[in-house]
Amino acid sequence: EDMSAPHAASLPAEVALRRSLRFARRIVIKVGTPVVNHVDGNLALGRIGALVEQIAQLRQRGCEIVLVTSGAIGSGKVRLRRNLAMGKSLRQSVMQGRKAIDVDQNVSAALGQALLMNMYETLLAKYNLACAQILVTDDDLEDNETLSQCRDTVCELLQLGTIPIVNDNDATTTRAVSVMDETTNEIVYDNDALAARIALEIRADLLVMLTDMDGLYTATDAASEPMRLSLYVPGSLIVREGIKFDTLGTLGPVETRGVFATRTRLAAASLELLMSAACSATAGGVRAAVVTSGHHPHALLRILRGEDIGTLVMQAVHAPAAAKL
């Protein structure tokens, strides 16, 4: 069930904020791994092509776009495994059978990042748009001088009409958390915090987080049909038709993930990181964040038209009066 009709008290604020998104000029778009890559790791050229076409239309309207992309590791692994398989003799290939070739995550990221940038540069060039690569590490975000330089670089690129494409520097990262759980094929880490931080640093009007689900989902119990939340206000309790939608505290482990999502490749921890990032962005000054599916060819344009798509995350100061937890 699609809960597009919110509680009466929240309707004016939500509708007004969605309509105001038509005037957003500085936009950070996070493209998650489920959008960039197919399940097998190959690049989803059709989805990325549709996204680039929408970005081109927004640029014609005068919007400044920063793209925070994932997908380097998955893309690199596919290419490396293919290269390694082609380099083996027929005897080695037969003996190994269908066993997956183990590939280092950092090495995969190094190759995959080159593939990503080549794809983005080629597609954007079709619309006479230029892009630039910015790779950052966790340490970069913690160092004030480096962070300031990163912010200045992004802002200057925007002034020059260039689209900055930002990604974690996974080729050199020492982060212990793997991006992908190899046993379940779930995505554990997906650049959500990076996107929120970039949005805050450049004072973006809007943060769009594209993933593989239509928005935030909830259900009253395990037997209930998950329902899309059109509005999510951190720290508030929205009562709608007798159903209480709680804050992030209701996010549970994998077995209870259906409380907030359905049919997504994101692991429970990754889903929580995504929502925490969206909430931190709006709490820090980004007027709104929208979580929705990048599988729909016109999702971005629909958001910028003020349509009820995905889950709108808004600051509590812009929200209607609601019972506080």
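These numbers come from the heavy atoms of this one structure, side chains and all, not from hydrogens, waters or symmetry mates.
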- Side-chain contact test, heavy atoms from C-beta onward, threshold under 4.5 Å: evaluate it for Val66 versus Ile29 and give yes or no. no
- Under 3.5 Å, is there a donor-acceptor pair linking the side chains of Arg82 and Asn42? yes
- Value rounded to 0.5 Å, distance of CG in Leu51 from NE2 in His296: 14.0 Å
- Note on the structure: Distance col, row Ile309:CD1 vs His298:NE2, nearest 0.5 angstrom, shows 10.5 Å
- Please check if atom CZ in Arg19 has more than 12 non-hydrogen atoms from other residues, nucleotides or ligands closer than 6.0 Å. no
- Between Arg25 and Gly62, which heavy-atom pair has the shortest distance, and what is it? CD-O, 3.9 Å
- Report yes if some heavy atom in the side chain of Ser20 is under 4.5 Å from a heavy atom in the side chain of Arg287; otherwise report no. yes
- Determine, stepwise, if the pair Leu58 / Leu304 fulfils side chain to side chain contact (heavy atoms under 4.5 Å, CB included). CA-CA 9 Å; Leu58 293 179; Leu304 271 294; 3.9 Å; yes
- Message: Could you go through Leu147 and Glu201, starting from their C-alpha distance and side-chain angles, then the distance that decides it, and tell me whether this counts as side chain to side chain contact (heavy atoms under 4.5 Å, CB included)?
- Response: CA-CA 9 Å; Leu147 182 60; Glu201 290 298 325; 3.4 Å; yes
- Query: Distance from Glu64 atom CD to Arg26 atom CZ, nearest 0.5 Å?
  - Reply: 4.5 Å
- Query: Under a single-linkage definition using a 4.5 Å side-chain heavy-atom cutoff for Ile, Leu, Val, Met, Phe, Trp and Tyr, are Val78 and Leu45 assigned to the same hydrophobic cluster?
  - Reply: no
- Item | Check: Glu145 main-chain N/O paired with Gln149 side-chain donor or acceptor under 3.5 Å | no
- Message: Any non-hydrogen side-chain atom of Ser293 less than 4.5 Å from a side-chain atom of Thr211?
- Response: no
- Message: Quick test of your reading: applying salt bridge (Lys or Arg N to Asp or Glu O under 4.0 Å), list the pairs with at least one residue in residues 292-302, sequence neighbours left out, ordered by first then second residue.
- Response: Arg302-Glu307
- Any side-chain donor near an acceptor of the partner, Ser270 and Glu186, under 3.5 Å: no
- Is Asp192 close to Lys30 at the side-chain level, that is, under 4.5 Å between some pair of heavy atoms? yes
- Message: Would you say that Asp168 contacts Thr173 through its side chain, given a criterion of any heavy-atom pair below 4.5 Å between the two side chains?
- Response: no
- Item | Close side-chain approach of Ser230 and Arg18, heavy atoms under 4.5 Å | yes
- Message: Please check this pair: side chain of Asn191 against backbone of Leu194, looking for a donor-acceptor N/O pair closer than 3.5 Å.
- Response: no
- Message: Under a plain distance cut-off of 3.5 Å, with no hydrogens placed, do Thr69 and Tyr120 share a side-chain donor-acceptor pair?
- Response: yes
- Candidate pair Ile303 and Val208, rule side chain to side chain contact (heavy atoms under 4.5 Å, CB included), full reasoning: CA-CA 9 Å; Ile303 292 171; Val208 178; 3.8 Å; yes
- Does Asp205 use its side chain to pair, donor to acceptor, with the backbone of Val286 at less than 3.5 Å? no
- Determine, step by step, whether Met275 and Tyr232 satisfy the side chain to side chain contact (heavy atoms under 4.5 Å, CB included) criterion, reporting the C-alpha distance in whole Å, the side-chain angles of both residues, the deciding distance to 0.1 Å, and the verdict. CA-CA 10 Å; Met275 289 309 301; Tyr232 183 80; 4.1 Å; yes
- Query: Are a donor atom and an acceptor atom from the side chains of Gln113 and Asn167 found within less than 3.5 Å of each other?
  - Reply: yes
- Between Ala299 and Thr292 the two heavy atoms that sit nearest each other are CB-CG2, 4.3 Å
- Roughly how far, to the nearest 0.5 Å, is the CD1 atom of Ile73 from the CG atom of Asn106? 7.5 Å
- Mark yes or no for whether Arg197, through its side chain, and Leu141, through its backbone, hold a donor-acceptor pair below 3.5 Å. yes
- Mind checking whether Leu43 and Ile48 have side chains closer than 4.5 Å, heavy atoms only? no
- Query: Do Glu121 side-chain atoms and Cys131 backbone N/O form a donor-acceptor pair below 3.5 Å?
  - Reply: no
- Asp40 atom CG, neighbour heavy-atom count above 12 within 6.0 Å: yes
Distance-only check: which donor-acceptor pairs under 3.5 Å involve side-chain atoms of residues 31-39, not counting sequence neighbours?
from, atom 1, to, atom 2, distance (Å)
Thr33, OG1, Asp190, OD1, 2.6
Asn37, ND2, Gly41, O, 3.1
Asn37, ND2, Ser75, OG, 2.9

- With no hydrogens and no angle check, is any side-chain donor or acceptor of Thr162 less than 3.5 Å from a backbone partner on Leu158? no
- Query: Do you know which two heavy atoms are closest between Gly285 and Leu200, and how far apart they sit?
  - Reply: N-CD2, 3.9 Å
- Polar side-chain atom of Thr311 near backbone of Leu229 as donor-acceptor pair, under 3.5 Å: yes
- Message: Please find the pair of heavy atoms, one from Val136 and one from Cys150, that lie closest to each other, and give the distance.
- Response: CG1-SG, 3.9 Å
- All heavy atoms of Leu274 vs all of Leu266, minimum pair found to be CD1-CD1, 3.9 Å
- Task: Can you measure from CD1 (Ile65) to CZ (Arg59) and round to the nearest 0.5 angstrom?
- Result: 7.5 Å
- Query: How far does CD1 of Ile165 sit from CD of Gln133, to the nearest 0.5 angstrom?
  - Reply: 8.5 Å
- Item | Side-chain touch Ser70/Tyr189, heavy atoms, less than 4.5 angstrom | no
- When every non-hydrogen atom of Cys63 is compared with those of Ala24, the smallest separation belongs to SG-O, 3.6 Å
- Query: Which pairs pass salt bridge (Lys or Arg N to Asp or Glu O under 4.0 Å) with one or both residues in residues 131-140, sequence neighbours excluded?
  - Reply: Asp138-Arg175
- Task: May I ask whether Leu135 and Met117 are part of the same hydrophobic cluster, defined by side-chain heavy atoms of I, L, V, M, F, W, Y residues being less than 4.5 angstrom apart, directly or through others?
- Result: no
- Given His295 and Asp214, is the side chain to side chain donor-acceptor pair (under 3.5 Å) satisfied, shown in steps? CA-CA 9 Å; His295 290 201; Asp214 291 333; over 6 Å; no
